[in-house]
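Beneath this line is the structure, given in C-alpha coordinates, with notes to follow.
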Amino acid sequence: MNWWQKLKKNPLARLGAGLLLIFYLAVIAADFVAPYDPYDSQSDGSLLPPTAIYWQNSAGKFIGPHVYPTTQGPVEIETGNRKLNEDRQKPSPVRLFVKGPSYKLFGALPCDRHLFGTAGEGKLNILGTDEQARDQFSRLLHGGRISLFIGLVGILISFPLGLLIGGISGYFGGWTDAILMRLVEVLMTIPGIYLLISLAAVLPPGLTSTQRFMLIVLITSFISWAGLARVIRGEVLSIKQREFVQAARGMGANPFYIIVRHVLPQTATYIIISATLSVPSFIVAESVLSLIGLGIQQPDPSWGNMLSLSTNASILVLQPWLVWPPALLIILTVLAFNLLGDALRDVLDPRSLQR
(Lines give C-alpha, C1' and ligand atoms only; values in the text may rest on other atoms or scores of the structure.)
Protein backbone atom coordinates (compact mmCIF):
# COMPACT_ATOMS: atom_id res chain seq x y z
CA MET A 1 0.00 0.00 0.00
CA ASN A 2 3.02 2.27 -0.29
CA TRP A 3 1.64 3.70 -3.53
CA TRP A 4 -1.60 4.64 -1.76
CA GLN A 5 0.28 6.58 0.92
CA LYS A 6 2.26 8.43 -1.76
CA LEU A 7 -0.94 9.21 -3.66
CA LYS A 8 -2.61 10.67 -0.57
CA LYS A 9 0.38 12.92 0.03
CA ASN A 10 0.19 14.36 -3.49
CA PRO A 11 -1.77 17.66 -3.25
CA LEU A 12 -2.66 17.66 -6.96
CA ALA A 13 -4.01 14.12 -6.70
CA ARG A 14 -6.15 15.13 -3.72
CA LEU A 15 -7.42 18.15 -5.63
CA GLY A 16 -8.33 16.10 -8.71
CA ALA A 17 -9.94 13.30 -6.69
CA GLY A 18 -11.85 15.78 -4.54
CA LEU A 19 -13.29 17.60 -7.55
CA LEU A 20 -14.33 14.35 -9.20
CA LEU A 21 -15.91 13.06 -5.99
CA ILE A 22 -17.97 16.24 -5.64
CA PHE A 23 -19.04 16.21 -9.29
CA TYR A 24 -20.04 12.54 -9.39
CA LEU A 25 -21.90 12.65 -6.07
CA ALA A 26 -23.76 15.78 -7.20
CA VAL A 27 -24.93 14.32 -10.52
CA ILE A 28 -25.81 10.93 -9.02
CA ALA A 29 -27.98 12.74 -6.46
CA ALA A 30 -29.15 15.35 -9.00
CA ASP A 31 -32.84 14.77 -8.23
CA PHE A 32 -32.18 15.65 -4.59
CA VAL A 33 -29.62 18.43 -5.08
CA ALA A 34 -31.41 20.22 -7.95
CA PRO A 35 -34.18 22.49 -6.64
CA TYR A 36 -36.36 22.20 -9.77
CA ASP A 37 -37.28 19.82 -12.55
CA PRO A 38 -34.80 20.39 -15.43
CA TYR A 39 -37.63 20.26 -17.98
CA ASP A 40 -40.12 22.60 -16.27
CA SER A 41 -40.45 26.20 -17.44
CA GLN A 42 -41.11 28.97 -14.96
CA SER A 43 -43.83 31.52 -15.56
CA ASP A 44 -42.36 34.73 -17.02
CA GLY A 45 -38.87 33.46 -16.21
CA SER A 46 -37.06 33.34 -19.53
CA LEU A 47 -33.37 34.34 -19.45
CA LEU A 48 -33.39 35.49 -15.85
CA PRO A 49 -29.95 36.27 -14.38
CA PRO A 50 -28.76 34.49 -11.22
CA THR A 51 -31.19 35.25 -8.41
CA ALA A 52 -30.08 37.86 -5.92
CA ILE A 53 -30.20 36.64 -2.31
CA TYR A 54 -31.04 39.21 0.34
CA TRP A 55 -30.59 39.16 4.11
CA GLN A 56 -32.63 42.24 5.07
CA ASN A 57 -36.17 43.12 4.08
CA SER A 58 -37.22 46.34 2.39
CA ALA A 59 -37.39 48.03 5.81
CA GLY A 60 -33.77 47.14 6.58
CA LYS A 61 -34.65 44.46 9.14
CA PHE A 62 -32.55 41.27 9.19
CA ILE A 63 -34.75 38.27 8.37
CA GLY A 64 -32.21 35.80 7.00
CA PRO A 65 -31.53 34.69 3.43
CA HIS A 66 -34.49 35.22 1.14
CA VAL A 67 -35.44 36.05 -2.44
CA TYR A 68 -38.35 37.91 -4.03
CA PRO A 69 -40.77 36.90 -6.80
CA THR A 70 -39.32 38.33 -10.01
CA THR A 71 -40.94 39.32 -13.29
CA GLN A 72 -39.41 40.91 -16.37
CA GLY A 73 -40.13 44.27 -17.85
CA PRO A 74 -39.70 45.39 -21.48
CA VAL A 75 -36.35 45.16 -23.28
CA GLU A 76 -34.25 48.31 -23.37
CA ILE A 77 -33.62 49.13 -27.02
CA GLU A 78 -30.17 50.68 -26.49
CA THR A 79 -28.61 47.93 -24.36
CA GLY A 80 -30.78 44.87 -24.99
CA ASN A 81 -31.20 44.37 -21.24
CA ARG A 82 -34.49 43.63 -19.52
CA LYS A 83 -35.61 45.39 -16.38
CA LEU A 84 -36.33 43.03 -13.49
CA ASN A 85 -39.26 43.76 -11.22
CA GLU A 86 -39.00 42.32 -7.70
CA ASP A 87 -42.05 42.14 -5.46
CA ARG A 88 -40.48 43.34 -2.20
CA GLN A 89 -43.71 42.66 -0.30
CA LYS A 90 -43.37 38.87 -0.67
CA PRO A 91 -40.02 37.69 0.68
CA SER A 92 -39.45 33.95 0.16
CA PRO A 93 -37.05 32.45 2.73
CA VAL A 94 -34.26 30.21 1.46
CA ARG A 95 -34.43 26.87 3.27
CA LEU A 96 -32.70 23.50 3.33
CA PHE A 97 -34.61 20.26 2.67
CA VAL A 98 -37.69 21.92 1.22
CA LYS A 99 -40.53 20.24 -0.64
CA GLY A 100 -40.33 20.33 -4.42
CA PRO A 101 -41.07 18.24 -7.51
CA SER A 102 -41.53 14.56 -6.64
CA TYR A 103 -38.96 12.04 -7.87
CA LYS A 104 -37.73 8.52 -7.25
CA LEU A 105 -34.75 8.56 -4.86
CA PHE A 106 -32.13 6.12 -6.24
CA GLY A 107 -34.72 5.25 -8.87
CA ALA A 108 -36.98 3.46 -6.38
CA LEU A 109 -38.01 5.43 -3.29
CA PRO A 110 -40.62 8.18 -3.78
CA CYS A 111 -39.41 11.50 -2.37
CA ASP A 112 -40.30 15.17 -2.66
CA ARG A 113 -37.53 16.79 -0.61
CA HIS A 114 -34.70 18.78 -2.18
CA LEU A 115 -31.42 19.96 -0.72
CA PHE A 116 -32.39 23.62 -0.88
CA GLY A 117 -35.13 25.85 -2.21
CA THR A 118 -37.53 28.58 -1.18
CA ALA A 119 -40.63 28.68 0.99
CA GLY A 120 -42.86 31.05 -0.97
CA GLU A 121 -43.53 32.36 -4.45
CA GLY A 122 -39.96 33.42 -5.19
CA LYS A 123 -37.67 31.13 -7.19
CA LEU A 124 -34.01 30.56 -6.39
CA ASN A 125 -32.22 30.26 -9.74
CA ILE A 126 -28.63 30.41 -8.54
CA LEU A 127 -27.32 30.22 -12.12
CA GLY A 128 -30.26 31.93 -13.80
CA THR A 129 -32.64 30.45 -16.37
CA ASP A 130 -32.32 29.62 -20.06
CA GLU A 131 -34.36 30.79 -23.03
CA GLN A 132 -37.10 28.27 -22.15
CA ALA A 133 -37.28 29.57 -18.55
CA ARG A 134 -35.73 26.36 -17.16
CA ASP A 135 -33.47 26.47 -14.11
CA GLN A 136 -29.87 26.41 -15.34
CA PHE A 137 -28.42 24.86 -12.17
CA SER A 138 -30.88 21.95 -12.26
CA ARG A 139 -30.09 21.31 -15.93
CA LEU A 140 -26.34 21.37 -15.25
CA LEU A 141 -26.69 18.68 -12.60
CA HIS A 142 -28.89 16.42 -14.72
CA GLY A 143 -26.79 17.07 -17.83
CA GLY A 144 -23.69 16.05 -15.91
CA ARG A 145 -25.00 12.50 -15.73
CA ILE A 146 -24.43 12.11 -19.45
CA SER A 147 -21.24 14.14 -19.68
CA LEU A 148 -19.53 12.46 -16.73
CA PHE A 149 -20.64 8.86 -17.21
CA ILE A 150 -20.00 8.72 -20.94
CA GLY A 151 -16.28 8.45 -20.18
CA LEU A 152 -16.70 5.62 -17.69
CA VAL A 153 -18.96 3.65 -20.03
CA GLY A 154 -16.56 4.34 -22.90
CA ILE A 155 -13.52 2.83 -21.20
CA LEU A 156 -15.57 -0.19 -20.11
CA ILE A 157 -16.16 -0.87 -23.80
CA SER A 158 -12.90 0.22 -25.44
CA PHE A 159 -10.37 -1.03 -22.90
CA PRO A 160 -11.37 -4.73 -22.89
CA LEU A 161 -11.29 -4.62 -26.69
CA GLY A 162 -7.86 -2.98 -26.78
CA LEU A 163 -6.52 -5.34 -24.10
CA LEU A 164 -7.74 -8.47 -25.86
CA ILE A 165 -6.55 -7.52 -29.34
CA GLY A 166 -3.22 -6.19 -28.09
CA GLY A 167 -2.70 -9.30 -25.96
CA ILE A 168 -3.50 -11.70 -28.81
CA SER A 169 -1.31 -9.77 -31.23
CA GLY A 170 1.70 -9.67 -28.92
CA TYR A 171 1.41 -13.24 -27.66
CA PHE A 172 0.89 -15.09 -30.95
CA GLY A 173 2.99 -12.84 -33.21
CA GLY A 174 3.47 -13.87 -36.85
CA TRP A 175 0.66 -13.33 -39.31
CA THR A 176 -1.85 -12.74 -36.49
CA ASP A 177 0.27 -9.86 -35.23
CA ALA A 178 0.74 -8.47 -38.74
CA ILE A 179 -2.99 -8.46 -39.58
CA LEU A 180 -4.13 -7.00 -36.26
CA MET A 181 -1.46 -4.29 -36.21
CA ARG A 182 -2.30 -3.22 -39.77
CA LEU A 183 -5.92 -2.86 -38.66
CA VAL A 184 -4.79 -0.82 -35.67
CA GLU A 185 -2.66 1.43 -37.86
CA VAL A 186 -5.57 2.06 -40.22
CA LEU A 187 -7.82 3.07 -37.32
CA MET A 188 -5.12 5.31 -35.84
CA THR A 189 -4.80 7.23 -39.12
CA ILE A 190 -8.48 8.21 -39.07
CA PRO A 191 -8.98 11.69 -37.54
CA GLY A 192 -11.19 10.95 -34.57
CA ILE A 193 -13.25 14.11 -34.45
CA TYR A 194 -14.05 14.00 -38.18
CA LEU A 195 -15.16 10.38 -37.93
CA LEU A 196 -17.36 11.26 -34.96
CA ILE A 197 -18.99 14.10 -36.86
CA SER A 198 -19.49 11.99 -39.99
CA LEU A 199 -21.03 9.05 -38.16
CA ALA A 200 -23.14 11.17 -35.83
CA ALA A 201 -24.50 13.15 -38.79
CA VAL A 202 -26.03 10.03 -40.34
CA LEU A 203 -27.83 8.92 -37.19
CA PRO A 204 -31.61 8.66 -37.64
CA PRO A 205 -33.32 11.88 -36.48
CA GLY A 206 -35.91 10.10 -34.34
CA LEU A 207 -33.48 8.66 -31.81
CA THR A 208 -34.01 9.36 -28.12
CA SER A 209 -31.23 10.89 -26.06
CA THR A 210 -30.59 7.50 -24.42
CA GLN A 211 -30.11 5.90 -27.83
CA ARG A 212 -27.88 8.77 -28.97
CA PHE A 213 -25.88 8.45 -25.77
CA MET A 214 -25.20 4.77 -26.40
CA LEU A 215 -24.35 5.34 -30.07
CA ILE A 216 -21.93 8.15 -29.19
CA VAL A 217 -20.26 5.85 -26.64
CA LEU A 218 -19.99 3.05 -29.20
CA ILE A 219 -18.57 5.40 -31.83
CA THR A 220 -15.97 6.90 -29.51
CA SER A 221 -15.08 3.46 -28.15
CA PHE A 222 -14.64 2.08 -31.65
CA ILE A 223 -11.96 4.63 -32.55
CA SER A 224 -10.20 4.81 -29.18
CA TRP A 225 -9.11 1.22 -28.57
CA ALA A 226 -6.46 1.12 -31.30
CA GLY A 227 -3.79 3.12 -29.48
CA LEU A 228 -4.23 1.04 -26.34
CA ALA A 229 -3.94 -2.21 -28.32
CA ARG A 230 -0.65 -1.08 -29.84
CA VAL A 231 0.88 -0.29 -26.43
CA ILE A 232 -0.41 -3.52 -24.85
CA ARG A 233 1.04 -5.49 -27.75
CA GLY A 234 4.49 -4.04 -26.98
CA GLU A 235 4.12 -4.87 -23.29
CA VAL A 236 3.05 -8.43 -24.04
CA LEU A 237 6.02 -9.03 -26.36
CA SER A 238 8.24 -8.53 -23.30
CA ILE A 239 6.05 -10.24 -20.71
CA LYS A 240 5.60 -13.49 -22.68
CA GLN A 241 9.34 -14.18 -22.40
CA ARG A 242 9.25 -14.28 -18.59
CA GLU A 243 9.68 -17.51 -16.68
CA PHE A 244 6.16 -17.77 -15.23
CA VAL A 245 4.64 -17.50 -18.71
CA GLN A 246 7.06 -20.09 -20.09
CA ALA A 247 6.20 -22.38 -17.16
CA ALA A 248 2.47 -22.06 -17.82
CA ARG A 249 3.04 -22.79 -21.49
CA GLY A 250 5.19 -25.83 -20.63
CA MET A 251 2.38 -27.20 -18.44
CA GLY A 252 0.10 -27.15 -21.47
CA ALA A 253 -2.11 -24.22 -20.46
CA ASN A 254 -4.48 -22.82 -23.09
CA PRO A 255 -2.94 -19.75 -24.84
CA PHE A 256 -6.01 -17.61 -24.15
CA TYR A 257 -5.93 -18.65 -20.49
CA ILE A 258 -2.26 -17.62 -20.32
CA ILE A 259 -3.04 -14.26 -21.93
CA VAL A 260 -5.95 -13.46 -19.62
CA ARG A 261 -4.63 -15.03 -16.41
CA HIS A 262 -0.87 -14.41 -16.55
CA VAL A 263 0.03 -11.84 -19.21
CA LEU A 264 -2.58 -9.07 -19.17
CA PRO A 265 -2.61 -8.66 -15.35
CA GLN A 266 1.04 -7.60 -15.64
CA THR A 267 -0.12 -4.54 -17.57
CA ALA A 268 -2.49 -3.40 -14.79
CA THR A 269 -0.36 -0.41 -13.84
CA TYR A 270 -0.42 1.00 -17.34
CA ILE A 271 -4.15 0.25 -17.71
CA ILE A 272 -5.08 2.15 -14.55
CA ILE A 273 -3.09 5.18 -15.61
CA SER A 274 -4.30 5.08 -19.20
CA ALA A 275 -7.94 4.67 -18.18
CA THR A 276 -7.79 7.73 -15.94
CA LEU A 277 -6.23 9.82 -18.70
CA SER A 278 -8.64 8.51 -21.38
CA VAL A 279 -11.91 9.49 -19.70
CA PRO A 280 -11.52 13.21 -20.60
CA SER A 281 -11.34 12.38 -24.31
CA PHE A 282 -14.80 10.78 -24.15
CA ILE A 283 -16.19 13.77 -22.25
CA VAL A 284 -14.74 16.21 -24.78
CA ALA A 285 -16.04 14.10 -27.71
CA GLU A 286 -19.58 14.17 -26.33
CA SER A 287 -19.33 17.88 -25.65
CA VAL A 288 -18.12 18.63 -29.18
CA LEU A 289 -20.85 16.54 -30.80
CA SER A 290 -23.58 18.08 -28.64
CA LEU A 291 -22.09 21.56 -29.19
CA ILE A 292 -22.51 21.25 -32.95
CA GLY A 293 -25.96 19.68 -32.63
CA LEU A 294 -25.07 16.07 -33.41
CA GLY A 295 -25.08 14.69 -29.87
CA ILE A 296 -27.67 14.83 -27.11
CA GLN A 297 -30.66 16.85 -28.32
CA GLN A 298 -32.87 19.36 -26.52
CA PRO A 299 -34.83 19.29 -24.29
CA ASP A 300 -32.54 16.69 -22.69
CA PRO A 301 -29.57 18.44 -21.09
CA SER A 302 -25.87 17.70 -21.40
CA TRP A 303 -22.96 20.03 -20.83
CA GLY A 304 -22.21 19.99 -24.56
CA ASN A 305 -25.63 21.07 -25.80
CA MET A 306 -25.90 23.64 -23.01
CA LEU A 307 -22.60 25.05 -24.23
CA SER A 308 -23.99 25.29 -27.78
CA LEU A 309 -25.55 28.63 -26.82
CA SER A 310 -22.04 30.08 -27.01
CA THR A 311 -22.44 30.17 -30.80
CA ASN A 312 -24.85 33.08 -30.28
CA ALA A 313 -22.85 36.28 -29.77
CA SER A 314 -25.74 38.06 -28.05
CA ILE A 315 -25.94 35.27 -25.44
CA LEU A 316 -22.23 35.68 -24.69
CA VAL A 317 -22.70 39.40 -24.07
CA LEU A 318 -26.14 39.60 -22.46
CA GLN A 319 -26.59 36.20 -20.76
CA PRO A 320 -23.09 34.89 -19.97
CA TRP A 321 -24.46 32.76 -17.10
CA LEU A 322 -25.76 30.34 -19.77
CA VAL A 323 -22.28 29.71 -21.21
CA TRP A 324 -19.62 29.91 -18.51
CA PRO A 325 -20.95 27.29 -16.03
CA PRO A 326 -20.98 24.31 -18.48
CA ALA A 327 -17.67 25.45 -20.00
CA LEU A 328 -16.08 25.71 -16.56
CA LEU A 329 -17.39 22.30 -15.49
CA ILE A 330 -15.98 20.62 -18.61
CA ILE A 331 -12.61 22.29 -18.04
CA LEU A 332 -12.51 21.37 -14.35
CA THR A 333 -13.53 17.77 -15.03
CA VAL A 334 -10.87 17.27 -17.70
CA LEU A 335 -8.29 18.96 -15.48
CA ALA A 336 -9.24 16.79 -12.47
CA PHE A 337 -8.89 13.55 -14.44
CA ASN A 338 -5.53 14.68 -15.82
CA LEU A 339 -4.25 15.65 -12.36
CA LEU A 340 -5.32 12.28 -10.95
CA GLY A 341 -3.88 10.40 -13.93
CA ASP A 342 -0.52 12.20 -13.70
CA ALA A 343 -0.34 11.45 -9.97
CA LEU A 344 -1.13 7.77 -10.55
CA ARG A 345 1.57 7.60 -13.22
CA ASP A 346 4.14 9.08 -10.85
CA VAL A 347 3.19 6.66 -8.08
CA LEU A 348 2.58 3.43 -10.01
CA ASP A 349 5.01 3.62 -12.92
CA PRO A 350 8.60 3.17 -11.70
CA ARG A 351 9.97 4.36 -15.04
CA SER A 352 8.48 7.81 -14.46
CA LEU A 353 10.43 8.08 -11.21
CA GLN A 354 13.72 7.42 -12.99
CA ARG A 355 13.30 10.30 -15.44
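Being a predicted model, the structure only gives us computed values, none of them experimental. Index from 1, following the sequence. Heavy atoms only: backbone and side chains are in, while hydrogens, waters and symmetry mates are out.
Residues Trp55 make up the rest of the hydrophobic cluster containing Phe62, defined by ILVMFWY side-chain heavy atoms closer than 4.5 Å, directly or through other members. Connectivity analysis of hydrophobic side chains (ILVMFWY, heavy atoms under 4.5 Å, direct or indirect) links Trp175 to Ile179.
Using cut-offs of 30° and 60° for the angle between ring planes, the Phe256 and Phe172 rings count as tilted. Between Phe23 and Trp303, the ring planes lie perpendicular to each other; the angle is over 60°, past the 30° to 60° tilted range. Between Phe337 and Tyr24, the two ring planes are perpendicular [angle over 60°; tilted spans 30° to 60°].
Residues Ser102 and Asp112 come closest through the heavy atom pair OG-CB, 3.8 Å. Taking every heavy atom of both residues into account, His262 and Gln266 meet most closely at O-CG, 3.3 Å. Heavy atoms only, all atoms of each residue included: Gly162 and Leu228 are closest at CA-CD2, 4.1 Å. Taking both residues in full, the closest heavy atoms of Ala229 and Val184 are given as CB-CG2, 4.2 Å, listed atom of the first, atom of the second, then distance. The shortest non-hydrogen separation linking Gly304 to Ser147 is N-OG, 4.3 Å. When all heavy atoms are compared, the tightest approach of Thr267 to Ile239 is CG2-CD1, 3.8 Å.
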Take Leu19 and Thr333 through the side chain to side chain contact (heavy atoms under 4.5 Å, CB included) test and state the conclusion after the steps.
CA-CA 7 Å; Leu19 284 175; Thr333 302; over 6 Å; no
Between Phe137 and His142, does a side chain to side chain contact (heavy atoms under 4.5 Å, CB included) hold up when you go through it step by step?
CA-CA 9 Å; Phe137 179 72; His142 285 270; over 6 Å; no
Quick one, Gln241 with Gln246, criterion side chain to side chain contact (heavy atoms under 4.5 Å, CB included). Give me CA distance, side-chain angles, the key distance, then yes/no.
CA-CA 7 Å; Gln241 303 299 329; Gln246 298 294 339; 3.9 Å; yes
Verify side chain to side chain contact (heavy atoms under 4.5 Å, CB included) between Met181 and Ser169, making sure each step is shown before the conclusion.
CA-CA 7 Å; Met181 284 302 101; Ser169 179; 3.5 Å; yes
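Checking each of Leu148, Val33, Ile22 against Val27 for a side chain to side chain contact (heavy atoms under 4.5 Å, CB included) leaves exactly one that passes, namely Leu148.
A side-chain N or O of Arg249 and one of Tyr171 form a donor-acceptor pair less than 3.5 Å apart.
Using a 4.5 Å heavy-atom cutoff, the side chains of Pro93 and Pro65 are not in contact. Using a 4.5 Å cut-off on side-chain heavy atoms (C-beta onward), Phe32 and Cys111 make no contact. Under the 4.5 Å side-chain criterion, counting only non-hydrogen atoms from C-beta, Leu140 is in contact with Pro326. For the pair Gln42 and Asp135, the minimum side-chain heavy-atom distance is below 4.5 Å. Phe159 is listed as a side-chain neighbour of Ser274, based on a closest heavy-atom distance under 4.5 Å. In this structure the side chain of Val98 never reaches within 4.5 angstrom of the side chain of Thr118, judged on heavy atoms. Between Glu131 and Gln319 there is no side-chain heavy-atom pair separated by less than 4.5 Å. Proximity of Ile232 to Tyr270: side-chain heavy atoms (C-beta onward) are separated by under 4.5 Å at one or more points.
Hydrophobic clustering, with ILVMFWY side chains joined whenever heavy atoms are under 4.5 angstrom apart, keeps Ile271 apart from Val260. When hydrophobic clusters are built by joining Ile, Leu, Val, Met, Phe, Trp and Tyr residues whose side-chain heavy atoms come closer than 4.5 Å, directly or via intermediates, Leu156 is not grouped with Ile150. Hydrophobic clustering (side-chain heavy atoms under 4.5 Å, transitive across Ile, Leu, Val, Met, Phe, Trp, Tyr) groups Leu329 together with Leu152. Put simply, Ile53 and Phe116 are part of the same group of oily side chains (I, L, V, M, F, W, Y) that touch within less than 4.5 Å, one to the next. Met188 and Leu161 fall within a single hydrophobic cluster, where Ile, Leu, Val, Met, Phe, Trp and Tyr side chains are chained together by heavy-atom contacts under 4.5 Å.
A ring-centre distance under 6.0 Å is not found for His114 and Tyr36. A centroid separation of less than 6.0 Å is found between the aromatic rings of Tyr68 and His66.
Taking OH of Tyr103 as the reference point, atom CZ of Arg113 lies at 10.0 Å (rounded to 0.5 Å). Once rounded to the nearest 0.5 Å, the distance linking CG of Leu332 with CG of Leu15 reads 9.0 Å. Atom CG of Leu307 is separated from atom CH2 of Trp324 by 9.5 Å, given to the nearest 0.5 angstrom. One distance of note links CG of Leu264 with CG of Leu163; it measures 5.5 Å at 0.5 Å rounding. Once rounded to the nearest 0.5 Å, the distance linking CG of Asp130 with CD1 of Ile315 reads 9.5 Å. Atoms CG and CG, on Leu277 and Leu340 in that order, are 8.5 Å from each other to the nearest 0.5 Å.
The backbone N or O of Leu48 sits less than 3.5 Å from a side-chain atom of Thr129, completing a donor-acceptor pair. A donor-acceptor pair under 3.5 Å links the side-chain atoms of Thr276 to the main chain of Ile272, judged by distance alone. For Lys240 (side chain) and Gly170 (main-chain N/O), a donor-acceptor pair under 3.5 Å exists by modelled atom type. The closest donor-acceptor contact from the side chain of Arg134 to the backbone of Asp40 lies at 3.5 Å or more, if one exists at all. Side-chain atoms of Gln136 never come within 3.5 Å of backbone atoms of Leu127 as a donor-acceptor pair (strictly under, hydrogens ignored). Looking at Thr51, its side chain does come within 3.5 Å of a backbone N or O of Asn125 through a donor-acceptor pair. The closest donor-acceptor contact from the side chain of Asn305 to the backbone of Pro301 lies at 3.5 Å or more, if one exists at all. Side-chain atoms of Ser41 come within 3.5 Å of backbone N or O of Gln132 as a donor-acceptor pair. Within the 3.5 Å criterion, the main-chain N or O of Glu235 finds no donor-acceptor partner in the side chain of Ser238.
The pair Arg139-Asp300 does not meet the salt-bridge criterion, since no charged nitrogen lies less than 4.0 angstrom from a carboxylate oxygen. With salt bridges taken as basic N to acidic carboxylate O contacts below 4.0 Å, one links Arg233 and Asp177.
Listed by first then second residue, pairs satisfying salt bridge (charged side-chain N to carboxylate O under 4.0 Å, His left out) with a partner in residues 116-128 read Lys90-Glu121, not counting sequence neighbours.
A 6.0 Å sphere centred on CZ of Arg242 holds more than 12 heavy atoms belonging to other residues, nucleotides or ligands.
When the salt bridge (Lys or Arg N to Asp or Glu O under 4.0 Å) test is applied to Arg95, no partner is found at least two apart in sequence or on another chain. Arg14 is linked by a salt bridge (Lys or Arg N to Asp or Glu O under 4.0 Å) to nothing, counting only residues two or more places apart in sequence or in another chain. The salt bridge (Lys or Arg N to Asp or Glu O under 4.0 Å) test applied to Asp342 returns Arg345, not counting sequence neighbours.
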